[in-house]
Amino acid sequence: MKRDLLSILDLSKEELESLLDSAASLKASRAGGEPAPYLPGRTLGMIFEKASTRTRISFEVGMYELGGTALFLSSQDLQLGRGEEIRDTARVLSRYVSAIMIRAYRHDTIEEMARYATIPVINALSDREHPCQLLADILTLREHFGATEDLTVAWVGDGNNVCNSLILSSALAGYAVRVAAPEGYLPPADLVEEAAARGGRVSIAATPRDAVRDADVIYTDTWTSMGSEDEQNERVSAFAGYTVDRDLVDEAADDAVVLHCLPAHRGEEITDDVMEGEKSLIWDQAENRLHAQKALLVRLIGKQETLD
Ligand code: CP
Ligand code: NVA
């Protein structure tokens, strides 16, 4: 039976833990120069409706390092761009490749791909979630703090796809999530309820300061996600006061760290000095996309026991 990763909640707590253990061991063996030929002959089809630096490169390099191959498929170059249906593309790709990774505007598109594909489908960002990002984020927090259960993560900014996956991940990683977002940019209520129903601890704070007070982690992302570019000006106004700057970081716990999924807009959601500062785990976070996704790929299309 094929497994997909459309939402971070497609993994159980135990599966997430074992996946991150595998990621840590892949990271260590890579640092030691050991090869990791766990996916010989496997091919990942990577469909992109939107731009990407980290996701594209980490999946492509990851497949290469695992002994497999990745195909970059811009939706504009596929017949998809000329109206071929998702369900037809899903079935055809299933005859050629071992798994599909897709970055799409609409979450529905990814769900439809998964429904018709007979191979695993990975959500590489939709308007609803960005589960691969959270795999890397939780790996990063585990490396830094040892465990995630007792942490408080403050999200400051747009209640967007990354925020949604962070909220849902509270049910798996155990950390409390506090969200500060302006009126009109809060995460969907149903998603907060879903996280709570699965045991997540999520609250909405009145201000960025309330969210970050004594928090262990401050996480932010762009105010204008891909696809919302025409709202850029009104968003910059709406998010006034939501910049993660040194003053805000000082409200958090003394040993707090700062995350950003990137790409960043210095001077908007985060200041240059915070990005470059000693509390920033941003570059480890970006690197960990590679290790976490390699572990995911082995789990979905390899022989997991090779990594256990
Ligand atoms: N964080 C992230 O997904 O980055 P890209 O858009 O560059 O892939
Ligand atoms: N929220 C951002 C994340 C980019 C990785 C976007 O959707 O553009």
Side-chain angles (χ1 to χ4, degrees), residues 5-8 23 44 46-63 70 72-75 100-110 122-141 153 155-169 177 179-182 184-188 191 217-232 235-236 238-239 242-244 258-266 268-270 275 280-294 296-297:
L5 183 77
L6 307 192
S7 164
I8 191 71
L44 177 68
M46 309 191 302
I47 302 175
F48 284 92
E49 287 184 0
K50 314 187 200 182
S52 168
T53 295
R54 282 141 290 270
T55 304
R56 176 182 176 178
I57 298 171
S58 55
F59 268 111
E60 200 163 326
V61 170
M63 279 304 289
F72 173 72
L73 306 167
S74 156
S75 60
I100 298 169
M101 183 237 78
I102 171 166
R103 168 168 287 194
Y105 284 97
R106 294 163 48 92
H107 195 72
D108 290 356
T109 302
I110 301 181
I122 300 168
N123 173 2
L125 183 144
S126 68
D127 54 356
R128 186 171 170 90
E129 272 205 63
H130 195 1
C132 296
Q133 182 64 53
L134 262 293
L135 298 180
D137 301 343
I138 301 167
L139 177 61
T140 307
L141 294 177
V153 182
W155 176 271
V156 178
D158 190 17
N160 64 15
N161 41 16
V162 178
C163 176
N164 290 346
S165 289
L166 172 69
I167 286 170
L168 294 175
S169 73
V177 175
V179 178
Y185 298 95
L186 284 162
L191 202 130
V217 184
I218 303 178
Y219 197 163
T220 190
D221 181 19
T222 182
W223 294 335
T224 307
S225 285
M226 290 180 279
S228 303
E229 288 82 357
D230 55 349
E231 300 169 14
Q232 161 81 9
R235 282 174 171 267
V236 168
F239 284 94
Y242 281 77
T243 303
V244 174
V258 175
L259 298 181
H260 191 309
C261 60
L262 302 175
H265 305 78
R266 286 171 160 88
E268 291 189 14
E269 76 274 6
I270 191 165
M275 275 201 78
S280 162
L281 289 187
I282 293 170
W283 316 115
D284 288 340
Q285 189 188 356
E287 176 186 332
N288 282 337
R289 295 290 305 274
L290 173 66
H291 311 301
Q293 288 159 195
K294 281 168 75 176
L296 174 70
L297 289 164

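Numbering of ligands and ligand atoms starts at 1, following listing order.
Side-chain atoms of E49 come within 3.5 Å of backbone N or O of Y105 as a donor-acceptor pair. Remark: side-chain polar atoms of N123 are not paired, donor with acceptor, to backbone N or O of S7 under 3.5 angstrom.
Between C163 and D221, the closest side-chain pair of non-hydrogen atoms is not below 4.5 Å. R235 has its side chain within reach of D158: a pair of non-hydrogen atoms, C-beta onward, lies under 4.5 Å apart. With a 4.5 Å cut-off on side-chain heavy atoms, D137 and Q285 count as touching.
Of the heavy atoms in L125, none comes closer than 4.0 Å to ligand 1.
Note on ring orientation: taking the six-membered ring where Trp is involved, the planes of F239 and W223 are parallel (angle under 30°, cut-offs 30° and 60°).
Residue L262 has at least one heavy-atom neighbour below 4.0 Å for each of these atoms of ligand 1: 1 (N), 2 (C), 4 (O). Each of the following atoms of ligand 1 lies closer than 4.0 Å to a heavy atom of T53: 5 (P), 7 (O), 8 (O). Within ligand 1, counting atoms from 1 as listed, the ones closer than 4.0 Å to a heavy atom of C261 are 1 (N).
The contact shell of ligand 2, taken as protein residues with any non-hydrogen atom closer than 4.0 angstrom, comprises L125, N160, N161, D221, T222, S225, M226, L262.
Nearest non-hydrogen protein atom to atom 4 (O) of ligand 1 is R54 NE, 2.9 Å.
No option in V217, L166, N164, T220 other than L166 meets the side-chain contact (heavy atoms from CB on, under 4.5 Å) test with W155.
Remark: R56 qualifies as a cation-pi partner of F72 under the 6.0 Å distance and 45° angle criteria applied to the six-membered ring.
Close N/O approach between S52 and ligand 1 is found [any backbone or side-chain N/O within under 3.5 Å].
In this comparison of H130, R289, R103, Q133, the heavy atom closest to atom 6 (O) of ligand 1 sits on R103.
For T55 against R103, the heavy-atom pair with the smallest separation is OG1-NH2, 2.9 Å.
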